[in-house]
Amino acid sequence: MPNPYRRIALDGEAVVKEALRRLDQPARRAFLRRSLTLGGLSLLTGCAIVDEESVERALMKVSRLNDKVQAWLFDPTLLAPTYPESMITRPFPFNAYYKVDEVPEVDASEFRLEVGGLVADRHAWALEELRALPQTDQITRHICVEGWSAIGKWGGVNFGTFLRRVGADLSARYVGFQCADDYSTSIDMPTALHPQTLLALSFDGEPLPPRYGFPMKLRMPTKLGYKNPKHIEAIFVTNTYPGGYWEDQGYNWFGGS
Amino acid sequence: MTDDSGPIHPLWLRVTHWMNALAVVIMVMSGWRIYDADPFFGFIIPKSVTLGGWLAGALQWHFAAMWLLAANGLAYLACNVASGRVWRKFFPLSARAVMADVRAALRGLLKHDDLRAYNAVQRAAYLFVIADCVLLVLSGLVLWKPVQFPLLRELMGDYEAARRVHFLAMAALVAFVGVHLVMSALVPRALLAMIRGR
């Protein structure tokens, strides 16, 4: 998909490693100090700042430290607020890195959800099998990294239930997602097991429409919108940092609410 | 009331003042770029005065400088309370005294001879901006972690209300800085005292 913001994907860990290595060099430190003066700041406004490689790396390093702080702050028992049906935002906004007419079409009869990585049962799931699992729903606030929010109603399978069903290694660090729209993201295991994390198959009581992520999206009211992948085709459990479409470009990885 | 020995402003005050200035510049300029991603008040801030280049860059600046703002702010408050300076410099304070000093200032009669003593308008303004920064941090915590800080979220109303609170508190801070810069230009000795201590 053409996207003006898309840049070269970076391997997150390599970036941090490189940033740490460079930060150890005294000259780099001096440069950072100088570049952080008020005068330097005024020169670094606007687009110039994203071209300043070392500043960008330092900021990326802070962002990864913020991942750790957020993981520490995250209370796995704390629930996001829920709302009455009357507060559902209608129409619920569409948002993606492409326009609504570029939403992928997934054939329900052919579809199989792949499950891989550190799981005992790697069989691919048909939609009917997922619909046969216990279903639950929630009316929660979706918060976009852009700042806006909207209240929606999602239904589906509790993700913790699903992970236990496939015999996932629940001590693994990450759960990653590959999507039919070439999107990808990954989350931490505590959030994956949060009681409100839902493998959503429906929206507002109807089968999930294509624009909201057919055949399924991961709905987490404890994370920002870009962490909630749509059109999921494959789920994998891993200890290797998987990054993600926006995360690799500089959006914070944890992205938690 | 005033102690004539030693610097007009202690070193810790000057350091935390300028660190705060740096943090505020970064927070406000990156915050403007974040606001522009969804300008809920119907106007956008010109990109040329924002920091970060695009939303992800602005967010990285914002969530890095927040540590400086918070740590420095806590150090300032701790020193201010522990030294007793907060009581000596900002109190007593009454609405009547503020009104009297405002009237005097508007007629050009407010004296600024002793930099060690704040007049009533200064006391009110500085106490206001301290409270405003606290409100910025608390509303910012709600925007960053609406689920993890339920009490703060309820205090602000909800997530959407916290966005408005955060923006309006920013606007109040920027208004303060504007007046503050004009005043320090009118009384350059005050600016020197905040740098050199004398």
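Within every chain, numbering begins at 1; the chains are lettered A, B, ... in the order of the sequence lines, protein sequences first and strands thereafter.
- Looking at B/D158, the atoms closer than 4.5 Å to chain A (heavy atoms on both sides) all sit in the side chain, from C-beta outward.
- Between B/W144 and B/H166, the distance separating the two ring centers is not shorter than 6.0 angstrom.
- A distance below 6.0 Å separates the ring centres of A/W253 and A/Y241.
- Residue contact with chain A, scored on non-hydrogen atoms closer than 4.5 Å, involves the backbone and the side chain of B/L55 alike.
- Interface check for chain B: of the options A/A80, A/P81, A/S63, the most heavy-atom pairs under 4.5 Å are formed by A/P81.
- Aromatic rings from B/F167 and B/F41 are positioned such that their centres are separated by under 6.0 Å.
- For A/T89 (side chain) and A/I151 (main-chain N/O), a donor-acceptor pair under 3.5 Å exists by modelled atom type.
- Between A/F203 and A/W154, the ring centre distance stays below 6.0 Å.
- No part of A/N252 comes within reach of chain B, as not one of its non-hydrogen atoms sits under 4.5 angstrom from that chain.
- Contact count against chain B (heavy-atom pairs under 4.5 Å) is highest for A/I143 among A/L224, A/I143, A/T222.
- Among the candidates B/D38, B/I34, B/D36, the residue making the largest number of heavy-atom pairs closer than 4.5 Å to chain A is B/D38.
- A/N158 places a side-chain N or O within donor-acceptor distance of the main-chain N or O of A/P195, the cut-off being under 3.5 Å.
- Heavy-atom distances place the backbone of A/L79, and not its side chain, under 4.5 Å from chain B.
- For the side chain to side chain contact (heavy atoms under 4.5 Å, CB included) with A/K227, the lone residue among A/L218, A/I187, A/V145 that qualifies is A/I187.
- Counting heavy-atom pairs closer than 4.5 Å to chain A, the top-ranked of the candidates B/A64, B/S30, B/P146 is B/P146.
- With a 4.5 Å cut-off on non-hydrogen atoms, B/F63 touches chain A through its backbone and its side chain both.
- Each of A/N66, A/D75, A/V62 has some count of heavy-atom pairs under 4.5 Å with chain B, and the biggest count is that of A/N66.
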Worksheet item: Are A/F254 and A/L73 close enough, and set up right, to give a side-chain contact (heavy atoms from CB on, under 4.5 Å), and what steps lead you there?
Response: CA-CA 11 Å; A/F254 196 90; A/L73 270 174; over 6 Å; no
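- Heavy-atom distances place the side chain of A/V69, and not its backbone, under 4.5 Å from chain B.
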